[in-house]
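Let me begin by presenting the structure, written as structure tokens, before commenting on it.
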Amino acid sequence: MKLTKLFAVAGILLAFGCGSVFAKKAKADDNKLKVVTTIFPEYDWAKQIIGEKADDVELTLLLNNGVDLHSYTPSVKDIAKISEADIFIYVGGDSDQWVDDVLKNVKNKDMKVINLVEALGDKVKEEEIVEGMEHHHDHDEHDHDHDAHEHEHGHDHEHGHEAHEHSHDHDEEITEADIKPRSVSEFAGEWQSLYPVLMTGALDEYVEFQAEKKSISVKDSRAEIEAKWNCRIKTIKIKGDEITLIYDNGKKESGSYKYAGFATKKNDQGKISSIRHKFSLVKGNGPKYVMLNDHGYKPVKSVEHFHIYFGNNNFDELLTTKSNPFFVDSKLDAKGCLANVMGHEKGHDHGHEAHEHEHHHEKDEHVWLSLRFAQTLSSVICDALCEKDGKNAAAYKANLAAYNKKLADLDAKYIAAVKAGSKDTLLFGDRFPFRYMVEDYGLKYYAAFTGCSAESEASFNTIVFLSEKVNELKLQSVCQIESGNGKIAKTIISNSNNKKAKILTFDSLQSTTAKQIKKGATYIGAMGKNLEVLEEALK
């Protein structure tokens, strides 16, 4: 959770602890069972089970103004509601870290607390990164991968540097006609070599991962990586068209460069596996020939890392080097460098579970978007209602049985829709909170971001990847969630062959408002509308 959110909650709790804020609370509803929920699905499940006994229950929805779970910070009033609840229902994922502190200060020590994630146990999965998805840890750390993919980069024999190139062969084929001119300015910034970081032991996790992946000893893995990354260049500074190389002995070489075309390498199938963009010296004392590779083939506004090859003989010689230096943002500390190299592995090595090596494993908290989980969780809520309000238990159980039948009937309609569809893949130009839904029905998906991501801008590479998936899968639509502005989806479509593809909107039920509820919004109604969208998306 962001520190600002933690401080906000801490401040509210301090005020709450003073007591005076709530001293004159009205007591009109003291005899009612008090049920407090954080998000709309919990609220509506409870509402349906309570049914005709609504006069006996004070049911509260905290997130009722359009703010979704990931952005919510409880107010003083919200914490007061929770403190006096008989039953408190919340999701229990990373977005709800604030709850622990709130529960330590509740007035009702007999409160029944329902944590949806805990209630589902091992059915809850860790958030996953699928191919092509932006993968920033905690929305700050950038993931990258290296020589794990046999993507070579390098310097010439004079300088002994090479950087790995990453395959463009992720189920799509890049042709030379797709490759566009690049500029030195796209690589602007100050960059550090990973070789010194490697030698400190800070990247041992990556060394061990490579050893396991290649079925070699850790010692051999370390020797292989050291040989590829060994580099006398400590820092590279790029501004405008000028490249400055700073060696480990303090020597500097600097020059201005102009674009001179590109060179490619191909795999055994004849597909382009790496692209090196060529730049020639215009003036200065820098090397005459430079090749840069950030794994892109079109202009981008910025890059996350790159590999450089240079010398004074010719470009052809630079293609033969076997070394493989790796340069990342100089602002990254050792931990950031490790996240970069491990994340890049995940981003490019599509045959391996690289995400298992991440430092922080968030649970995918969007459990309410599974109709099957909804049945389980409704039963848990019913049990709590019966425990706290025994006189109405029979009514609650009858209502649960009727409600779960409706959920099961809707589930059956989803099964039929998937079976009737001509596609089996959804593509989201947005966050993707529907993992449990697609897994329930055996669907595949691609997306710009994870369900909990705070990112709003997709990288060039992500847009290209998703656009090419639209082409490859012949998709007729690109999807978004209800809070999306359509910008990324439109960009994906405009870069695909299908300019007439539709933008379809799924409701993640994270931002349902009190006004919508007053107009009759229900969980089953929203999931029914999602079914209609799904049917369209699978055409």
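Just so it is clear, the model here is predicted, and its values are computed rather than measured.
In this structure the side chain of I114 never reaches within 4.5 angstrom of the side chain of F88, judged on heavy atoms. In this structure, the side chains of L443 and L534 come closer than 4.5 Å at one or more pairs of heavy atoms. Between E42 and T38, the closest side-chain pair of non-hydrogen atoms falls below 4.5 Å. The closest side-chain heavy-atom distance from L427 to L473 is not below 4.5 Å. Between I39 and L509, every side-chain heavy-atom pair lies at or beyond the 4.5 Å cut-off. Put simply, the side chain of N498 does not reach to within 4.5 Å of the side chain of I493, judged on heavy atoms. Contact of the F40 side chain with the I517 side chain is registered, since non-hydrogen atoms from C-beta on lie closer than 4.5 Å. Considering only heavy atoms from C-beta on, D56 comes within 4.5 Å of N392 through its side chain.
The number of heavy-atom neighbours closer than 6.0 Å to NZ of K518, taken from other residues, nucleotides and ligands shown, is 12 or below. Residue K109 places its NZ atom among more than 12 non-hydrogen atoms of other residues, nucleotides or ligands, all under 6.0 Å distant. Within a 6.0 Å sphere centred on NZ of K419, heavy atoms belonging to other residues, nucleotides or ligands number 12 at most. Residue-environment remark: NZ (K298) exceeds the threshold of 12 foreign heavy atoms within 6.0 Å. Within 6.0 Å of NZ on K388 lie more than 12 heavy atoms contributed by other residues, nucleotides or ligands.
Rounded to the nearest 0.5 angstrom, L426 CG and L538 CG are separated by 5.5 Å. Considering CZ of F506 and CD1 of I481, their distance stands at 12.0 Å, rounded to 0.5 Å. Between the CG atom of L504 and the CD atom of E532 there is a distance of 12.0 Å, given to the nearest 0.5 Å. We find the CG-CD1 distance between L531 and I524 to be 12.5 Å, quoted to the nearest 0.5 Å. With rounding to the nearest 0.5 angstrom, the OG1 atom of T450 is 8.0 Å from the CG atom of D364. Summarising the geometry, atom CD belonging to E131 is positioned 11.0 Å from atom OG1 belonging to T462; distances are rounded to the nearest 0.5 Å.
Without hydrogens or angle criteria, N495 side chain to T491 main chain gives a donor-acceptor distance under 3.5 Å. Looking at T37, its side chain does come within 3.5 Å of a backbone N or O of T60 through a donor-acceptor pair. Looking only at distances, a side-chain donor or acceptor of Y414 sits under 3.5 Å from a matching main-chain atom of M527. Using a distance-only test at 3.5 Å, with no hydrogens or angles considered, no donor-acceptor pair links the side chain of E212 to the main chain of F209. Side-chain atoms of D78 never come within 3.5 Å of backbone atoms of P74 as a donor-acceptor pair (strictly under, hydrogens ignored). The closest donor-acceptor contact from the side chain of Y436 to the backbone of K125 lies under 3.5 Å. With hydrogens and angles disregarded, a donor-acceptor distance shorter than 3.5 Å links the side chain of N115 to the backbone of E118. A side-chain donor-acceptor contact under 3.5 Å links S83 to the backbone of K107. With hydrogens and angles ignored, the 3.5 Å screen pairs no side-chain donor or acceptor of K474 with any backbone N or O of N471. For the pair W45 (side chain) and Q375 (backbone), a donor-acceptor distance under 3.5 Å is absent.
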Pair K81, E58 - check side chain to side chain contact (heavy atoms under 4.5 Å, CB included), show working. CA-CA 11 Å; K81 283 280 189 181; E58 180 186 316; 2.9 Å; yes
Kindly determine whether Y43 and Y523 satisfy ring-ring contact (aromatic ring centres under 6.0 Å, His included), including the steps that lead there. CA-CA 9 Å; Y43 171 87; Y523 175 81; over 10 Å; no
Walk me through whether Q210 and S221 qualify under side chain to side chain donor-acceptor pair (under 3.5 Å). CA-CA 6 Å; Q210 287 299 316; S221 176; 5.9 Å; no
Dump the intermediate steps for salt bridge (Lys or Arg N to Asp or Glu O under 4.0 Å) on D389 and K391, then the final yes or no. CA-CA 6 Å; D389 185 15; K391 70 180 185 298; 2.9 Å; yes
Test D44 against K47 for salt bridge (Lys or Arg N to Asp or Glu O under 4.0 Å), laying out the working first. CA-CA 5 Å; D44 196 55; K47 182 179 179 181; 5.1 Å; no
Kindly determine whether V99 and D96 satisfy side chain to side chain contact (heavy atoms under 4.5 Å, CB included), including the steps that lead there. CA-CA 6 Å; V99 171; D96 280 344; 4.0 Å; yes
Worked check of salt bridge (Lys or Arg N to Asp or Glu O under 4.0 Å) between K405 and D409: CA-CA 6 Å; K405 184 179 184 305; D409 289 344; 3.1 Å; yes
Set out, in order, the CA-CA distance, both residues' side-chain angles and the distance that settles side chain to side chain donor-acceptor pair (under 3.5 Å) for N399 and E52, then state yes or no. CA-CA 9 Å; N399 291 339; E52 67 276 16; 3.2 Å; yes
Under the side chain to side chain donor-acceptor pair (under 3.5 Å) rule, what do E482 and S511 come out as? Steps first, then yes or no, please. CA-CA 8 Å; E482 76 285 354; S511 51; 3.1 Å; yes
Please lay out, stage by stage, how F434 and H366 fare under the test side chain to side chain contact (heavy atoms under 4.5 Å, CB included). CA-CA 7 Å; F434 292 94; H366 306 91; over 6 Å; no
Check the pair L385, I381 against side chain to side chain contact (heavy atoms under 4.5 Å, CB included), reporting the backbone distance first and the verdict last. CA-CA 6 Å; L385 288 167; I381 293 171; 4.1 Å; yes
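A donor atom on one side chain and an acceptor atom on the other are not found under 3.5 Å apart for Y441 and D424. Side-chain polar atoms of E536 and S477 form no donor-acceptor pair below 3.5 angstrom. Under the 3.5 Å distance criterion, with hydrogens and angles disregarded, no donor-acceptor pair is assigned to the side chains of Q480 and N485.
Ring-plane geometry between F432 and F428 is classed as perpendicular, the angle between the planes exceeding 60 degrees on a 0 to 90 degree scale with a lower cut at 30. Using cut-offs of 30° and 60° on the angle between ring planes, the pair Y72 and W98 is perpendicular.
Between S370 and D440, the closest heavy-atom pair is OG-OD2, 2.7 Å. Taking both residues in full, the closest heavy atoms of D329 and K331 are given as OD1-N, 2.9 Å, listed atom of the first, atom of the second, then distance. Looking at every heavy atom in both residues, L475 comes nearest to K423 through CD2-CD, 4.3 Å. When all heavy atoms of S378 and I49 are compared, the pair lying nearest together is O-CD1, 3.2 Å. Taking all atoms of both residues into account, the shortest heavy-atom contact from E365 to S95 is OE2-OG, 2.6 Å. Minimum heavy-atom separation, L369 to P433: CD1-O, 3.3 Å.
Under 4.0 Å is where a charged nitrogen must lie from a carboxylate oxygen, and between E128 and R435 at least one such pair does. A salt bridge between D411 and K413 is absent, with no side-chain N of the basic residue lying under 4.0 Å from a carboxylate O of the acidic one. For K112 and D86, the salt-bridge test fails: no basic side-chain N is under 4.0 Å from an acidic carboxylate O.
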